[in-house]
Protein chains: 4
Amino acid sequence: MGEEKKDGIIEAALKLFEEQGYHQTKVSDIVRAAGVAQGTFYLYFQSKEDLFRSIAKSCLEEISGTLKKGPVDGLNDNEVFYQMIKSCLTIYYHNKTILRIIYRNGVASQEIADISEAFYNDMMLIIKQCLLESGEYPDYSEQQLEITAYAKIGMVELVAYQWFVVRNCGPEHIDCIAQTITGMGNGCKTGLPGVNGA
Amino acid sequence: MGEEKKDGIIEAALKLFEEQGYHQTKVSDIVRAAGVAQGTFYLYFQSKEDLFRSIAKSCLEEISGTLKKGPVDGLNDNEVFYQMIKSCLTIYYHNKTILRIIYRNGVASQEIADISEAFYNDMMLIIKQCLLESGEYPDYSEQQLEITAYAKIGMVELVAYQWFVVRNCGPEHIDCIAQTITGMGNGCKTGLPGVNGA
Amino acid sequence: MGEEKKDGIIEAALKLFEEQGYHQTKVSDIVRAAGVAQGTFYLYFQSKEDLFRSIAKSCLEEISGTLKKGPVDGLNDNEVFYQMIKSCLTIYYHNKTILRIIYRNGVASQEIADISEAFYNDMMLIIKQCLLESGEYPDYSEQQLEITAYAKIGMVELVAYQWFVVRNCGPEHIDCIAQTITGMGNGCKTGLPGVNGA
Amino acid sequence: MGEEKKDGIIEAALKLFEEQGYHQTKVSDIVRAAGVAQGTFYLYFQSKEDLFRSIAKSCLEEISGTLKKGPVDGLNDNEVFYQMIKSCLTIYYHNKTILRIIYRNGVASQEIADISEAFYNDMMLIIKQCLLESGEYPDYSEQQLEITAYAKIGMVELVAYQWFVVRNCGPEHIDCIAQTITGMGNGCKTGLPGVNGA
DNA sequence: GATGAATGAGTATTCATTCAT
DNA sequence: CATGAATGAATACTCATTCAT
């Protein structure tokens, strides 16, 4: 069935976009890697940009969708904030491929500016709701909650990029990173890779 | 003297990179905007990428250099953390052009990956030093301080992008944003633009 | 039976060739319009060009065949020349689709050059014979008769194209046009659409 | 100077369009024949179609412009009609290249439909004026004069195509052809090439 | 007969870069 | 220093045709 070919193209593209970035990756590279003919590409995607958008959309929606569904791994104790950060980190860990692609190609790159914008807005709304429910910011205005939400997103995103992508950390360090970011817990003084992966 | 031409090219490029991104901006666009001939470009820059790197390097070094020199605007009371965040926000505010360029083209875009990496490392070291001096994280290991430093950077960066670039906020809101992010102060409940610029 | 499909393809192609021309019409357009599968096309035609040739041939042969059979609509009084012109016009009127296709795609277009050449030769021979029988050109050489024949064809063809196709005139004007071209009769001073269809 | 290159491209294109037709002629063929680089083509023309239109426009305007200026070769005796036909034939003879291109690619081909339409309208107006001045059609309405004008054009065009292009006749036969078409004069019974160039 | 997914050769067009003036 | 005409390698995309089902 044709969906196999389509999936092969997506898979190949994902790999190449991650390795070389969107602009360096040629359609000819993708089809060669996917083992299909040049024309087959255009059977499933209108253009290279269409493919990129399609990939970015589904990946980013998966991220926000996962976060929306509630804490990952069934975590739900009383430390709401900590759990939220940990959930985010976990989700980012599982989506580091798209994280790398987005960071390499621009959060607001021409090609996916709208998709990216929608994603950040979604994320912000989810976090904002979470902040409201936590009751930790009783006096904050809407705008202040939004600022705080974006602050959390930025925090998690850059740390996730630096540790999961650049330093290639495994999932066993998620707890430690979450504790460090939130200032909760005191474990994990050692064992995390430093700047140069040491 | 020729430096005028060079500056004109840089200025034009900065504007175009910000507006359309690096890949959409053609050398021909730049020289037209700068009012010089096609060949003149290559008297001052080896390639389009060379120009981009040159711009990115000087802008990013200016940012980290400014932060290194100490609090902007002579601010230096005892709330070290608050001051640091405020300094960062102020610097980002004054460099929103490069902030937008970086966000549009990718933090780790092929062309400036090394420059960008060096910048983030610099920023991290500065913040780490700041955190050490603040004495707030007495028990943190090197790695934990680094994580915390990156968390601060990510926080400030995304918020700065969202409010200064996307919502086009003026400098009068820096205080308010800094207070919100740090949880210090309680002013500014109103007056900040929301998601839709309202 | 399959002939239905074949006819459907021919009909769809005729319509599309007329509307958009041969080169702008894709096989995929034709099969979509005919409601058959891509592969079905090649059950009945060897190639897109084969279809075009097939259509052109049958249409053009119908035109020359009709003219050869004698005056259309049983007209046969003594004004041989007038009748011939009128017959031609009538036939062209009933074949304006192919007339438009030929005009849009070139009398001697690569694809049907031979068919077109044969058609014009046929037409010329028929008209020449007619001229001979009319006795109006007793002293003309073979070549002169041929020139005269082609002159008649060119005359009728361009006028038919301009009035039947461009100005979309109905059959009620055939008489008028024939009288005007031949200089016979004096009716129809009015009622014909002008350049701008007025 | 650059105009040399531009002229070289036009010249090469004219030759190739005539020989192979517009669609069979590739930009790469043109630049190779003109001895310039692929990119040079786009320095002077926006596209292949732009070049075709440009060529068609200037050639067709030259034809109608020449006819408008008055009888070719200083011919101006009292036989107005004969002179007009002869002028037309002479002009077509000198422009047989474009005549062939137009006939091979379609009088109303997508690419130059508007240019071609304007040309025929121009020609018609010129001929109509000529018919008026000749005083031969005192009773004809506007529409009748237009029909007559188009009839003349069609007559001359097809004969010119058949004898100058297909049979490759020289200019020495113009007189003979004009006499035959108009029915004036009685010379030239022999010497003209027949259908098969005999 | 009928299908339509797959093919891949073919081509117009772009644009960073060069270099003679 | 400055120019801008010329370059040509590079690439996304098209579409007639095939063939396994």
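All chains are named by letter (A, B, ...) in the order of the sequence lines, taking the proteins before the strands, and each is independently numbered beginning at 1.
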Can you tell me the pairing partner of dT13(E) across any strand shown, Watson-Crick or G-U wobble, with both distances under 3.5 angstrom? dA10(F)
Integer-rounded Å distance: dA16(F) C1' and His23(C) NE2: 12 Å
Please give, in whole Å, the distance from dC15(E) C1' to Leu51(B) CG? 16 Å
Output the rounded distance in Å from CD (Gln20(B)) to C1' (dC15(E)). 14 Å
Distance, rounded to the nearest Å, where Ile9(D) contributes CD1 and dA5(F) contributes P: 13 Å
Checking dA16(F), dC1(F), dT13(E) against the side chain of Lys48(D) (C-beta onward), the nearest is dT13(E)
In whole angstroms, the gap separating C1' of dA9(F) from CZ of Phe41(D) amounts to 18 Å
Just how far, in rounded Å, is P of dT7(F) from OH of Tyr42(B)? 17 Å
The side chain of Val27(A) lies closest to which of these nucleotides: dA2(F), dA2(E), dA12(F)? dA12(F)
Lys48(D) charged N/C atom sitting above Phe41(D) aromatic ring, 6.0 Å / 45°: no
Would you call Arg53(D) and Asp50(D) a salt bridge, using N to O less than 4.0 angstrom? no
From CZ of Arg32(B) across to P of dG4(F) the rounded distance in Å is 13 Å
DNA chain E: 5'-proximal contact among Gly39(D) and Ser28(D) (nearest heavy atom): Ser28(D)
Measuring to OP1 and OP2 of dT7(F), would you say a side-chain N or O of Lys5(D) lies under 4.0 angstrom away? yes
On DNA chain E, check which nucleotide each of Thr25(D) and Glu49(B) is closest to and give me the residue with the more 5' one. Thr25(D)
Does any nucleotide pair with dT21(F) by Watson-Crick or G-U wobble geometry, both distances under 3.5 Å, and what is it? dA2(E)
I need the Leu14(A) CG to Ile98(A) CD1 distance, nearest 0.5 Å. 6.5 Å
Taking only the side-chain heavy atoms of Ser47(B) (C-beta and beyond), determine which of dT17(E), dT14(F), dT11(F) contains the nearest atom. dT17(E)
dA2(E) phosphate, OP1 or OP2: any side-chain N/O from Tyr44(C) under 4.0 angstrom? yes
Rounded distance (Å) that lies between atom P of dG4(E) and atom CD of Glu3(A): 16 Å
Checking side chain to side chain contact (heavy atoms under 4.5 Å, CB included) for the pair Tyr44(A)/Ile9(A): CA distance, chi angles, key distance, verdict? CA-CA 9 Å; Tyr44(A) 298 105; Ile9(A) 291 169; 4.3 Å; yes
Heavy-atom nearest nucleotide on DNA chain F taken for Thr40(D) and for Gln38(B); more 5' hit belongs to Gln38(B)
Report the relative orientation of the aromatic rings in Phe17(C) and Phe52(C); use parallel for angles under 30°, tilted for 30 to 60°, perpendicular for over 60°. perpendicular
